[in-house]
Peer 1: 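Quick one: this structure, given as structure tokens, is what I'll be asking you about.
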Protein chains: 2
Amino acid sequence: MQTPRQKEIVQAALELISEKGIQGFTIKNLSKEIGISEPAIYRHFESKVHILIAILDVFKQNTEGMFKQELEGDLPAMERISILFTRNFEVFSQSPSLVPVIFSEELFRGESGLIGKVYEIIGRNLNTLIQIIKEGQSNNEIRNDVEASQLAVIIMGSLRLFVKKWQYSDYSFDIKKEGKKLIKSLKRLIHKGILTDDE
Amino acid sequence: MQTPRQKEIVQAALELISEKGIQGFTIKNLSKEIGISEPAIYRHFESKVHILIAILDVFKQNTEGMFKQELEGDLPAMERISILFTRNFEVFSQSPSLVPVIFSEELFRGESGLIGKVYEIIGRNLNTLIQIIKEGQSNNEIRNDVEASQLAVIIMGSLRLFVKKWQYSDYSFDIKKEGKKLIKSLKRLIHKGILTDDE
DNA sequence: GCAAAGTTAGTTAACATTCGCTAACCTAGA
DNA sequence: TCTAGGTTAGCGAATGTTAACTAACTTTGC
């Protein structure tokens, strides 16, 4: 469990990264943000890497259990995808500063232990999605003229870019509301339907 | 115009970044890669930032003219989108080391002059795409039950994630061939067709 | 009164960049 | 043609800055 001070440090780190990028995430800036001296940080975290680990754990905890449930429910595949992403949007909406951390690959370069943790999170998301799409395809609910893995790339890619756009707009629009629209659009595209033509 | 040595430095910088990330892009590593001393770099570039600018210019030159042509041609919108991305894949395929540079937002944080240059490149791409989609929609060639801007996010997002996947696979698959497949899938999704249902 | 949480004042390492110097190579002009 | 002056591209050493982190001491709250 984390002490209040540790939580404060993690929160400040998240804000720093989202404001100034990875390069802005230094112990000096961090301590300035909180209002204590640099060495004081080390009373609460062994090293900078341990702060990063704590950040990842926050995300992991936030999304824990969010995925297995969706896989096993007997809702329509489409509905499950909706819920999956709606929940992600909710997490981001609550802690916008998570976005640049989770979506930044540079942050963890060189820290092979951390890369694994990031890929664990991302991979879980993608595999769950492919699984759901495949089920939807065999239920005749999702079009099967396009491979599940391709649909997954399309859906994930769209959503990633969408979230990035939100980030670069300085979180200026309502990600939950706009996200709903995007999901709706995606639904239209992947829904099983009759096409007049293909190439 | 660039001297041969300048070209060599830019090329080495690109390779460094793609291999070791931004953090690996130091004057020390750069000089080691080329086989000259650190100060010698400064005989050819005023500063590190100027090397980054040169990198962006390489990309800009590579994609110059690639866009306006597509806008004005009288090919079907779908075909123009295909060509647009096929050409992008060709550029990446020729210089894979461009990918992590162009797709990294962190690299240019703090350098407000450079951010502008990156957005110029990215923005041009996106606006061209929206333009083409709109034309396709009014020609009844592309489905218009989804907004052009949403389709653009979906297409761009898919392609970005696809290129990133290529990068993380260590450029292990044929981006031109696999890219063709993805474009084909996208075509199926956005082609004008009859849908049985929506919502 | 003692342990947790803070401080000041360092350390070491890495970074971009500058300095003073040199060897090799043009290029005028006598 | 040869030589003085200039240029180009390199070098090792040093500078100033900033990073993560540490040692030793003080404060504070139970």
Side-chain angles (χ1 to χ4, degrees), chain A residues 1-56 100-101 104 106-115 117, chain B residues 1-56 100-101 104 106-115 117:
Chain A
M1 210 51 248
Q2 281 188 344
T3 67
R5 198 50 136 185
Q6 281 176 319
K7 279 182 194 163
E8 194 184 353
I9 291 172
V10 168
Q11 206 50 48
L14 279 167
E15 269 156 37
L16 255 179
I17 294 171
S18 73
E19 271 170 35
K20 301 183 189 173
I22 297 149
Q23 285 142 1
F25 173 42
T26 65
I27 302 295
K28 194 174 191 169
N29 288 347
L30 193 54
S31 60
K32 211 185 297 168
E33 184 97 358
I34 297 172
I36 58 175
S37 67
E38 295 173 53
I41 302 285
Y42 290 90
R43 294 281 174 208
H44 306 278
F45 283 99
E46 209 178 319
S47 76
K48 198 180 163 179
V49 171
H50 284 82
I51 300 176
L52 285 174
I53 292 171
I55 289 173
L56 289 182
V101 180
S104 156
E106 282 303 330
L107 188 51
F108 305 100
R109 257 220 241 214
E111 297 295 339
S112 46
L114 293 192
I115 293 177
K117 250 177 148 55
Chain B
M1 208 52 247
Q2 281 188 343
T3 66
R5 198 49 136 188
Q6 282 176 321
K7 279 182 193 161
E8 194 185 352
I9 291 172
V10 168
Q11 206 50 47
L14 278 168
E15 270 156 37
L16 255 180
I17 294 171
S18 72
E19 272 169 35
K20 300 182 188 172
I22 298 149
Q23 286 141 0
F25 174 43
T26 66
I27 302 294
K28 194 175 193 167
N29 287 346
L30 193 54
S31 60
K32 211 186 296 169
E33 184 96 358
I34 297 172
I36 58 176
S37 68
E38 296 171 55
I41 301 285
Y42 289 89
R43 293 284 174 205
H44 305 277
F45 283 99
E46 209 179 318
S47 76
K48 199 179 162 180
V49 171
H50 285 82
I51 300 176
L52 285 175
I53 291 171
I55 289 174
L56 289 182
V101 179
S104 156
E106 282 304 328
L107 189 51
F108 305 100
R109 251 217 248 213
E111 297 295 339
S112 46
L114 294 192
I115 292 177
K117 249 179 148 55

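The model shown is predicted, which means the values in this text are computed figures rather than measured ones. In what follows, every heavy atom counts, from backbone to side chain, and hydrogens, waters and symmetry copies are set aside. Numbers restart at 1 for each chain; the letters A, B, ... are given by sequence-line order, proteins then strands.
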Peer 1: To the nearest 0.5 Å, tell me how far A/Gln2 CD sits from A/Phe45 CZ.
Peer 2: 5.0 Å
Peer 1: If you look at every heavy atom in B/Glu15 and B/Ser18, which pair is closest and at what distance?
Peer 2: O-OG, 3.1 Å
Peer 1: Under the 6.0 Å and 45° cation-pi test, does B/Lys48 pair with B/Tyr42?
Peer 2: no
Peer 1: With the threshold set at under 4.0 Å for non-hydrogen atoms, list the residues of residues 41-50 of chain B touching DNA chain C in residue-number order.
Peer 2: B/Tyr42, B/Arg43, B/Ser47, B/Lys48
Peer 1: Which residues, if any, of residues 25-37 of chain A bring a heavy atom under 4.0 Å of DNA chain D?
Peer 2: A/Phe25, A/Thr26, A/Ile27, A/Lys28
Peer 1: Does B/Thr26 form a side-chain contact (heavy atoms from CB on, under 4.5 Å) with B/Leu16? I'd like the steps, not just the answer.
Peer 2: CA-CA 9 Å; B/Thr26 66; B/Leu16 255 180; 5.9 Å; no
Peer 1: For B/Glu38, give me all partners under salt bridge (Lys or Arg N to Asp or Glu O under 4.0 Å), at least two apart in sequence or on another chain.
Peer 2: none
Peer 1: To the nearest 0.5 Å, tell me how far A/His50 NE2 sits from A/Ile55 CD1.
Peer 2: 13.5 Å
Peer 1: What is the minimum heavy-atom distance between B/Ile51 and B/Ala13, and which atoms define it?
Peer 2: CG2-CB, 4.0 Å
Peer 1: For a quick test of reading the model, state the closest non-hydrogen atom pair linking A/Ile34 to A/Ala12 and the distance between them.
Peer 2: CG1-CB, 3.9 Å
Peer 1: Can you give me the first and the last nucleotide of DNA chain D (5' to 3') that has an atom within less than 4.0 angstrom of a non-hydrogen atom in chain B?
Peer 2: D/dA9 to D/dA13
Peer 1: If you measure from OG on A/Ser47 to CD1 on A/Ile41, what distance do you get to the nearest 0.5 Å?
Peer 2: 12.0 Å
Peer 1: Tell me, please, which residues at least two apart from A/Arg43 pass side chain to side chain donor-acceptor pair (under 3.5 Å).
Peer 2: none
Peer 1: Using a 4.0 Å heavy-atom cut-off, does B/Ala40 contact any base of the nucleic acid, only the sugar-phosphate backbone, or nothing at all?
Peer 2: sugar-phosphate
Peer 1: How long is the span from the CD1 atom in A/Ile22 to the CD1 atom in B/Ile22, to the nearest 0.5 Å?
Peer 2: 6.0 Å
Peer 1: How would you give the extent of chain B contacts on DNA chain C, as first and last nucleotide 5' to 3' within a 4.0 Å heavy-atom cut-off?
Peer 2: C/dC15 to C/dC21
Peer 1: Do B/Thr3 and B/Gln6 pass the side-chain contact (heavy atoms from CB on, under 4.5 Å) test, and can you show the C-alpha distance, the side-chain angles, and the key distance before you say yes or no?
Peer 2: CA-CA 5 Å; B/Thr3 66; B/Gln6 282 176 321; 3.3 Å; yes
